Amino acid sequence: MAANQEETTVTDPKTLADKLRSGQPVITGWSMLAAPIVAELFARSGYEAVTLDLQHGMHDFKSASDGFAALALGGAHRIARIPVDDNATASRLADMGAECLIAPMINSRTDAEAFVKAVKYPPVGERSWAPFRVVMLNQQTPDAYWETANEQTLALAMVETRTSVDALDDILAVPGLDGVFVGPSDLSLALSNGEKLDPNGEETARVCGEIAARAKAAGKIAGIFCIGAAKVEEAIAQGFRLMAHGTDMMMFDEAARAHLQEVDAATGSGPAASY
Ligand code: 3PY
Ligand code: MG
């Protein structure tokens with residue numbers, strides 16, 4: 001199976017892995033609400049990929065498995081963020097349809113190696129065989145899945161602590177690790193020694209740019225969580241290729257408030273928001 005390489009030439013890439021390796025920017029919606037139809041709505045509204053969040057969102061194994069089926073129906077790429085130190089869930093979600101797994105709080109080469117072991121089949125890792133749900137979603141035979149599974153099922157390690165930034169080159173050197181994904185909120189907490197939550201701050205942006213450059217130099221993919229469209233633009237310019245933008249909770253909150261404000265404006269009063 002082919003080694004990881006960013007910006008390889010694939011004519012008209014169709015898979016998430018091929019798109020990202022070709023240097024094509026992909027925006028992923030971020031689903032925290034454990035309702036498969038919400039994931040499907042992201043897909044139907046045009047998001048090319050959707051990430052189901054089992055770390056900070058309400059998703060669990062069942063909602064993520066059903067969510068992947070809904071994403072296949074809606075036509076979006078299927079990504080999941082696993083809980084901290086839960087590589088068993090990475091393997092299970094790969095079987096259920098994940099095209100990309102994101103692992104939070106990867107701080108060392110050892111952490112990255114353990115994660116890769118769960119996502120990749122031998123000889124790269126030790127993923128156990130039985131991908132019978134993912135092949136249904138891919139409309140593939142198990143043999144065809146086996147041929148490209150290690151290349152096409154991405155393992156992205158989250159870089160969001162000082163330790164992780166310090167160990168970045170070691171992490172990027174792990175065979176089978178496809179790339180990194182930056183969590184700018186945790187990163188800003190780490191960079192300020194816990195003084196400031198500043199995901200969109202200048203120092204955070206500078207370190208994010210450095211991470212993207214180092215990933216590119218290692219021939220690996222870089223992704224990032226973006227708060228605001230301007231950050232998506234900045235991230236692409238820095239060399240990131242997978243950009244998370246838009247969470248379902250935030251979208252619903254904003255839409256609900258806007259609807260109430262319209263009623264307030266029409267009627268002259270209305271209930272105050274509860275937080
Ligand atoms: C962070 O910003 O720390 C994240 O993990 C984004 O979800
Ligand atoms: Mg984080």
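Here the structure is a predicted model, which is why all the values come from computation and not from measurement. Start at 1 and go down the list; that is how both ligands and their atoms are numbered.
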Checklist entry - With a cutoff of under 4.5 Å between side-chain heavy atoms, which Ile, Leu, Val, Met, Phe, Trp and Tyr residues group with V84? => result M105

Checklist entry - Going by the angle between their ring planes, with limits at 30° and 60°, are Y121 and W129 parallel, tilted or perpendicular? => result tilted

Checklist entry - Is R241 reaching over with its side chain to a backbone N or O of G23, donor-acceptor style, under 3.5 angstrom? => result yes

Checklist entry - Can you give me the OE1-the Mg ion (ligand 2)-OD2 angle for E160 and D186, to 10°? => result 100°

Checklist entry - Which protein residues have a heavy atom under 4.0 Å from ligand 1? => result R81, M158, E160, G183, P184, S185, D186, F225

Checklist outcome for this item: Sequence neighbours excluded, the answer for salt bridge (charged side-chain N to carboxylate O under 4.0 Å, His left out) partners of D248 is none

Checklist entry - Excluding sequence neighbours, so at least two apart, what forms side-chain hydrogen bond (donor to acceptor under 3.5 Å, both in side chains) with D170? => result none

Checklist entry - Are S31 and H59 linked by a side-chain donor-acceptor pair shorter than 3.5 Å? => result yes

